[in-house]
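First the structure, in the form of structure tokens, and then the observations on it.
Heavy-atom basis, side chains included; hydrogens, waters and symmetry copies ignored. Each chain gets a letter, A, B and so on, in the order the sequences are listed, and its residues count up from 1.
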Protein chains: 2
Amino acid sequence: MADHTPTRAERREATARRILEAAQHEFGAHGDGATIRSIARRAGVDPSLVLQHYGSKQALFSLAVRPVSDLEGEDVPAHLAEVLDVRLRELPASTKALMRSMLTSAEAAEAMSVYLRERAARLAEAMPDDHAELRAALVVSSIMGITIARHFLDLPALEDADGDDVAALVDSWTSTAP
Amino acid sequence: MADHTPTRAERREATARRILEAAQHEFGAHGDGATIRSIARRAGVDPSLVLQHYGSKQALFSLAVRPVSDLEGEDVPAHLAEVLDVRLRELPASTKALMRSMLTSAEAAEAMSVYLRERAARLAEAMPDDHAELRAALVVSSIMGITIARHFLDLPALEDADGDDVAALVDSWTSTAP
DNA sequence: GTCTATATACCGATAGAC
DNA sequence: GTCTATCGGTATATAGAC
């Protein structure tokens with residue numbers, strides 16, 4: 001495991017990974033309007049290599065905006081508060097790429113819609129009363145809006161928001177009966 | 001006021017208005033990636049006429065995404081519930097164009113940020129406790145997220161949401177102390 | 001006043017040199 | 001295996017014919 005000259009296959013795989021990471025950052029910064037040329041520039045490779053590895057811009061985009069699944073939590077409201085707390089501080093590259101593109105790319109919009117529906121369904125199960133489905137949809141949509149305001153619109157009030165301050169608010173969303 | 005042959009200036013103004021409305025719909029459907037050609041096609045005019053009237057695509061975009069100011073309400077929480085109720089059912093063309101473009105256009109992002117800050121400041125004044133600023137920002141951001149989920153992601157649970165159902169929820173956001 | 005023609009630039013994708 | 005050169009397409013914007 002000490003020193004070990006990388007094979008060509010390993011070097012190729014490492015290059016492919018660098019390209020994918022560059023694509024996530026470019027799509028995260030400019031949405032689906034990001035160009036293959038800019039992705040290649042960020043990755044430090046030739047533009048033709050991007051297509052050599054991933055076939056087309058569309059295929060690379062699909063990989064870059066694939067959301068990381070984080071639905072394994074048990075205590076849903078507590079998990080939700082943790083999600084919001086984390087989202088207020090940082091945003092994974094793939095998630096940022098997905099959110100940045102979801103209003104101008106039909107594929108990204110569908111991916112986000114599926115993700116929100118799954119999360120809302122999980123949350124609705126943990127809710128007591130009859131309006132659970134609607135309220136769960138409102139909660140997950142609100143978290144999305146807060147994430148956008150924090151990371152894409154740079155609302156000053158959310159810059160230094162403390163996780164503890166918002167936890168109680170989220171709790172009131174899920175427990176208070178309207 | 002009966003019959004009256006329109007002058008050239010009147011016809012020109014009517015054409016300009018049709019172009020602006022077409023631009024709002026195109027920007028609302030495709031974001032800032034909408035093309036002058038598609039705008040002209042929707043308006044039923046030649047593409048060069050669009051630039052003849054508005055100078056550049058950027059200038060037309062700035063006019064199309066200018067949000068309509070609706071901050072004259074007195075009872076802020078009640079006004080807010082009404083806003084959310086209206087937003088769940090329909091979305092003005094200029095607002096749709098602004099929201100659709102705000103993640104891929106720096107100008108639209110800044111316009112939306114200013115709009116949210118103004119609304120949050122108004123709301124914070126009507127709030128009692130010390131976390132008013134943060135909570136007001138969370139509320140207006142949540143409304144934005146719900147609007148996106150309803151009109152751009154087509155969340156089924158929000159399709160037929162009743163305004164009365166959400167009013168109480170919004171009220172709990174503004175009155176419950178965390 | 002309105003439209004045809006075009007200048008200029010950049011896009012994704014491909015073919016072939018090395 | 002990697003990169004140069006380029007094709008075909010489309011965009012904004014302009015100039016000039018009518």
Interface residues of residues 16-37 of chain A with DNA chain D (non-hydrogen, below 4.0 angstrom):
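Contacting residues: none.
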Sub-4.0 Å heavy-atom contacts from residues 41-63 of chain B onto DNA chain D, ordered by number
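Contacts with DNA chain D under 4.0 Å: B:L51, B:S56, B:K57.
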If I take atom CG from residue A:L153 and atom CD1 from residue A:I146, how far apart are they, to the nearest 0.5 angstrom?
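A:L153 CG to A:I146 CD1: 12.5 Å, rounded to 0.5 Å.
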Is the phosphate of D:dT2 approached by A:R12 (side-chain N or O, under 4.0 Å from OP1 or OP2)?
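The answer is yes; a side-chain N or O of A:R12 sits under 4.0 Å from OP1 or OP2.
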Answer yes or no: is there a donor N or O on one side and an acceptor on the other, between the side chain of [X] and the main chain of [Y], under 3.5 Å?
X: A:Y54; Y: A:F61; answer: no
X: B:K57; Y: B:V50; answer: no
X: A:T95; Y: A:L91; answer: no
X: B:S142; Y: B:L138; answer: yes
X: B:S62; Y: B:Q58; answer: yes

Please determine if A:E10 and A:R17 form a salt bridge, counting it only when a charged side-chain N lies under 4.0 Å from a carboxylate O.
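No, this pair does not count.
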So which pairs with a foot in residues 143-152 of chain B pass side-chain hydrogen bond (donor to acceptor under 3.5 Å, both in side chains), sequence neighbours left out?
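For residues 143-152 of chain B, and leaving out neighbouring residues, there are no side-chain hydrogen bond (donor to acceptor under 3.5 Å, both in side chains) pairs at all.
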